[in-house]
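One-based numbering along the sequence shown.
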Amino acid sequence: MTTGAELTTGTGAGTRLPTRWPILMVICLAQLAVLLDNTVLNVAIPSLGTELGASTADVQWMINAYSLVLCGLLLASGSAADRYGRKRLLLAGLGLFGAGSLAAAFSQSAGQLIAARAGMGVGGALLMTTTLAVVMQIFDADERPRAIGVWSAANALGFAAGPPIGGVVLAHFWWGAIFLINVPVVLLGVVAVKVLVPESKNPGSGPPDLLGALLSTAGMTGVVYAIISGPDHGWGSTRVLVPAVAGVLLLGAFAAWELRTPHPMLDLRFFRNRRFMGAIAGVVLITFGSGGVLFLLTQQLQFVRGYTALETGLRMAPFALSVVALNFTGISAWLIRRLGLPLSIAVGMGLLSGGFVVVAAFAADGYGVLLAGLVLMGAGCALANPAIAEAVMGAIPLEAAGAGAGIDGTMTEVGTSLGVAVLGAVMNSRFIALLPAAAAGASSFPAALAATRTEAERGAVLDAFAAGIETSQLVGAAAVLAGGCVAALLLHRAGAAARGIRGR
């Protein structure tokens with residue numbers, strides 16, 4: 001069978017795979033299902049507590065088991081896709097994700113649902129790495145920016161569509177139905193991938209690096225667990241410090257092993273590439289800001305403005321719709337070609353940062369202002385995200401596309417988790433500092449409201465919560481703006497250095 005790498009060696013129309021755009025649509029559908037499961041469960045928390053008798057800790061593990069396993073396996077999954085075949089691993093990911101979804105839908109206890117969500121995380125890790133790797137294989141250099149833009153739009157849509165889709169499903173069906181949505185997507189994906197997607201892999205990958213896979217998975221799991229649990233248990237607690245230190249030590253051991261072994265799972269020479277490092281800085285900081293700010297915005301709309309989960313999701317929809325519109329029409333790809341990667345990232349992250357400021361500083365000025373902020377955020381993401389993904393993948397040899405996708409996905413998950421944890425901590429600190437005397441000592445917004453006795457005290461608590469959200473959103477805006485500047489500067493210098501070498 002012809003490999004994807006052979007299909008994309010040229011730029012002429014004659015070398016292009018005829019089914020590449022239908023393949024991209026199938027890939028985006030699979031990616032959409034994976035990302036929906038990052039947020040769709042949030043709206044079902046009250047139902048889970050009632051029907052499964054889940055405690056607060058159980059609910060946290062139901063949500064976190066998925067992202068924890070997903071992030072821990074991304075590096076190993078990307079390397080495995082390059083070694084054993086991207087189509088093969090894409091099919092395996094679809095199968096595991098579908099089986100986990102079925103198990104989750106019919107879980108009879110909190111423990112069963114947590115295990116099912118972990119299984120879905122394994123499938124999700126395989127899907128997230130193989131989808132981007134396949135995009136890199138089936139599209140040539142001319143069409144790749146637009147294809148990556150469409151793939152990025154699916155990511156944004158998956159993140160934003162979870163709450164409204166979950167709200168609609170729960171309004172008519174039982175909580176397990178939110179997982180059954182994945183089943184027809186998986187079945188369609190399996191058939192389409194088997195029929196349409198060509199196999200591709202790195203023939204020179206050598207024997208599997210089992211120790212590297214074990215060290216990277218254990219290390220990333222420890223670090224991400226510490227990030228996720230830090231806000232609940234305290235950053236200085238043993239339950240956070242032990243996994244954090246263990247994770248860092250294991251990742252250090254992973255790096256040392258990868259430098260010694262003749263067939264490394266991850267070629268660490270990538271990190272000497274200034275273009276690659278600039279793009280990675282952009283990935284971490286854009287997801288840090290956007291993940292944290294959007295998480296806080298959902299709380300602002302629900303707790304401060306009193307919207308339901310469905311109403312909140314619908315009001316946030318213009319963010320995702322802006323991303324989809326600009327990427328599916330090819331506008332973002334055209335702008336990236338005209339501006340170049342460094343300027344596209346700087347302008348995109350500047351727009352995103354500006355949208356955060358509008359949402360934060362003018363939160364009380366009605367939906368029109370919020371809409372303007374969301375559209376600005378969407379325009380920024382539509383420009384910056386594809387440019388960053390192209391910069392990451394363009395700095396890596398095509399035969400290592402899976403490893404590149406694994407790094408991109410890992411940094412995305414780490415940045416998002418950090419954003420939610422750190423900006424959430426900033427918000428909580430500011431909120432507690434501004435609480436009225438009647439609610440002093442309360443550790444959460446619901447606890448503070450429960451301590452109030454008068455409307456004036458309730459209003460003061462709401463004002464404190466709004467101020468905490470505003471402060472943390474502005475911190476997120478600053479992080480995104482800084483990330484845009486750093487990434488653009490490093491990419492510009494890398495480009496200038498490359499031009500200087502060619503000019504000699």
Side-chain angles (χ1 to χ4, degrees), residues 1-9 17 20 23-24 27 30-31 34 70-96 122-141 144 147-148 151 193 197-217 219-220 254-255 257-273 276 279-280 283 389-413:
M1 180 179 285
T2 305
T3 66
E6 293 169 337
L7 288 165
T8 58
T9 53
L17 185 67
R20 63 195 180 281
I23 291 172
L24 179 61
I27 283 172
Q31 186 80 353
V34 173
L70 176 75
C71 193
L73 289 174
L74 280 169
L75 286 177
S77 297
S79 176
D82 289 333
R83 177 171 278 107
Y84 299 112
R86 299 171 186 109
K87 176 178 180 176
R88 181 180 297 175
L89 270 292
L90 181 55
L91 288 170
L94 285 166
L96 288 170
V122 178
L126 292 171
L127 290 175
M128 283 192 70
T129 50
T130 50
T131 52
L132 182 54
V134 169
V135 169
M136 295 298 295
Q137 295 295 324
I138 65 174
F139 287 94
D140 62 28
R144 205 170 286 146
I148 291 176
W151 179 85
V193 169
V197 177
E199 183 61 281
S200 64
K201 57 184 172 181
N202 180 9
S205 55
D209 179 12
L210 297 179
L211 181 58
L214 179 63
L215 289 171
S216 69
T217 300
M220 285 306 308
F254 167 71
W257 171 252
E258 295 302 283
L259 291 170
R260 290 178 53 195
T261 183
H263 300 287
M265 187 189 87
L266 177 64
D267 189 346
L268 295 182
R269 288 176 296 179
F270 295 154
F271 292 92
R272 299 175 187 171
N273 185 317
F276 180 77
I280 288 297
V283 169
E390 187 178 345
V392 171
M393 301 303 290
I396 291 175
L398 198 58
E399 62 270 17
I407 296 169
D408 180 76
T410 300
M411 294 300 102
T412 297
E413 291 295 321

Expected output: side-chain [X] to main-chain [Y] donor-acceptor under 3.5 Å:
| X | Y | value |
| --- | --- | --- |
| Ser79 | Leu75 | no |
| Thr261 | Glu258 | no |
| Ser216 | Ala213 | yes |

Nearest-0.5 Å distance, [atom1] of residue [X] to [atom2] of residue [Y]:
| X | Y | atom1 | atom2 | answer |
| --- | --- | --- | --- | --- |
| Asp408 | Glu390 | CG | CD | 12.5 Å |
| Leu127 | Leu96 | CG | CG | 8.5 Å |
| Arg83 | Arg88 | CZ | CZ | 13.0 Å |
| Thr129 | Leu70 | OG1 | CG | 9.0 Å |
| Asp82 | Thr130 | CG | OG1 | 10.5 Å |

Closest non-hydrogen atom pair between [X] and [Y], with its separation:
| X | Y | result |
| --- | --- | --- |
| Leu89 | Ala80 | CD2-O, 4.1 Å |
| Val392 | Ala279 | CG2-CB, 3.4 Å |
| Ala147 | Val135 | CB-CG1, 4.0 Å |
| Leu132 | Ala405 | CB-CB, 3.9 Å |
| Pro198 | Ile23 | CD-CD1, 4.1 Å |
| Ala125 | Leu73 | CB-CB, 3.8 Å |

For residues [X] and [Y], determine if any side-chain heavy atom of one lies less than 4.5 Å from a side-chain heavy atom of the other.
| X | Y | result |
| --- | --- | --- |
| Ile148 | Met136 | yes |
| Met220 | Leu74 | no |
| Leu90 | Thr131 | yes |
| Lys87 | Val134 | no |

Could you tell me whether Asp140 and Arg144 make a salt bridge, using a distance below 4.0 angstrom between a side-chain N and a carboxylate O?
->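 The answer is no: the pair does not qualify as a salt bridge.
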Ring pair (Phe, Tyr, Trp, His ring centres under 6.0 Å) partners for Phe254, two or more places apart =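 Here no residue qualifies.
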